[in-house]
Amino acid sequence: FDIVAAAAGVSVATVSKAVNGRYGVSPETIGRVLAAVRELHYESSLVASSMRSRRTGVIGVLVADIEPFSAEILKGVGSALSDTGYDLLAYTGARRDGEGWERRSLSRLSGTLIDAAIIVTPTVVNVTADVPVVAIDPHTGPADLPTVESDSYAGARHADAYLISLGHR
């Protein structure tokens, strides 16, 4: 905020109030501060903002690897978040961390970088984190977390029935 404050001729505290929409700043001063922000192409630090507000506006999607299934999940989450004000952070650490990558990844990200996490095809589902967590299609059986699971068996039955209805053998 120092550079913006100098450009607008105000204190750092005034810049903080103006940028974060807090009371106690005149409309004229807010205009000067926001003009300086635009001119300087200022972007606030996500980490610094999250330390103050305890919110980041980011949903983390943790994937073992970027492959077709996880790419589709990322596209779907990105689409769902498009009008919410939340950003999407895709994170992969499984290749480096092996089994249990979810715990280490959540430890790195929760609390300062993400407000919630979606873990795609986790290997471990008994994780604890400082943020809400949902598991998608865990391969380890029942989870202690809220989960979204696919029913592959029923999907295969429906596909078979469809192909048979078309006359295939």
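The figures that follow rest on heavy atoms only: side chains count, while hydrogens, waters and symmetry mates do not. We number each residue from 1, following the sequence as shown.
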Connecting only ILVMFWY residues whose side-chain heavy atoms lie within less than 4.5 Å of each other, what is the rest of I164's hydrophobic cluster?
none
State, yes or no, whether a side-chain contact exists between L89 and V61 at a heavy-atom distance under 4.5 Å.
no
Cluster question for you: counting only ILVMFWY and a side-chain heavy-atom cut-off of under 4.5 Å, with indirect links fine, are V63 and V148 together?
yes
Rounded to the nearest 0.5 angstrom, the CD1-CG distance for I114 and D130 is 10.0 Å
Which distance, rounded to the nearest 0.5 Å, do you find between the CZ of R108 and the CG of L62?
10.0 Å
S82: what forms a side-chain contact (heavy atoms from CB on, under 4.5 Å) with it, not counting sequence neighbours?
none
Could you give all pairs that pass the side-chain hydrogen bond (donor to acceptor under 3.5 Å, both in side chains) test and reach residues 159-169, with sequence neighbours left out?
none
Does V134 share a hydrophobic cluster with V120, counting links as ILVMFWY side-chain heavy atoms below 4.5 Å and allowing steps through other members?
yes
Please check: side-chain N/O of S70 versus main-chain N/O of D65, any donor-acceptor pairing under 3.5 Å?
yes
Any pair with a residue in residues 29-40 that passes side-chain hydrogen bond (donor to acceptor under 3.5 Å, both in side chains), sequence neighbours left out, goes on the list, sorted by first then second residue, please.
S26-T29
Identify the heavy atoms of S105 and Y91 that sit nearest to each other, and give their distance.
OG-CE2, 3.3 Å
In terms of heavy-atom contacts, does CD1 of I3 have more than 12 from other residues, nucleotides or ligands at under 6.0 Å?
no
Pairwise distance CG(L145) to CD1(I119) - rounded to 0.5 angstrom:
6.0 Å
Do V10 and V25 land in one hydrophobic cluster if side-chain heavy atoms of ILVMFWY residues count as linked below 4.5 Å?
no
Please collect all salt bridge (charged side-chain N to carboxylate O under 4.0 Å, His left out) contacts where either partner lies in residues 66-85, sequence neighbours excluded, each pair once.
E72-K75
Is there a side chain to side chain contact (heavy atoms under 4.5 Å, CB included) between L74 and I66 once you walk through the steps?
CA-CA 9 Å; L74 289 168; I66 305 292; 3.9 Å; yes
Quick one: side-chain contact (heavy atoms from CB on, under 4.5 Å) partners of L81, sequence neighbours excluded?
I59, V77, T84, Y86, L88
By side-chain contact (heavy atoms from CB on, under 4.5 Å) - contacts of A129 (at least two apart)
L106, S110, V131, V133
Name all residues meeting the side chain to side chain donor-acceptor pair (under 3.5 Å) criterion together with S107; count only those two or more places apart in sequence or in a different chain, and write none if there are none.
none
Could you walk me through whether V58 and D115 satisfy the side chain to side chain contact (heavy atoms under 4.5 Å, CB included) test, starting with their C-alpha distance in whole Å, then the side-chain angles of each, then the deciding distance to 0.1 Å, before giving a yes or no?
CA-CA 6 Å; V58 176; D115 290 335; 5.8 Å; no
Just to verify, what does S150 make a side-chain contact (heavy atoms from CB on, under 4.5 Å) with, not counting sequence neighbours?
D137, S152
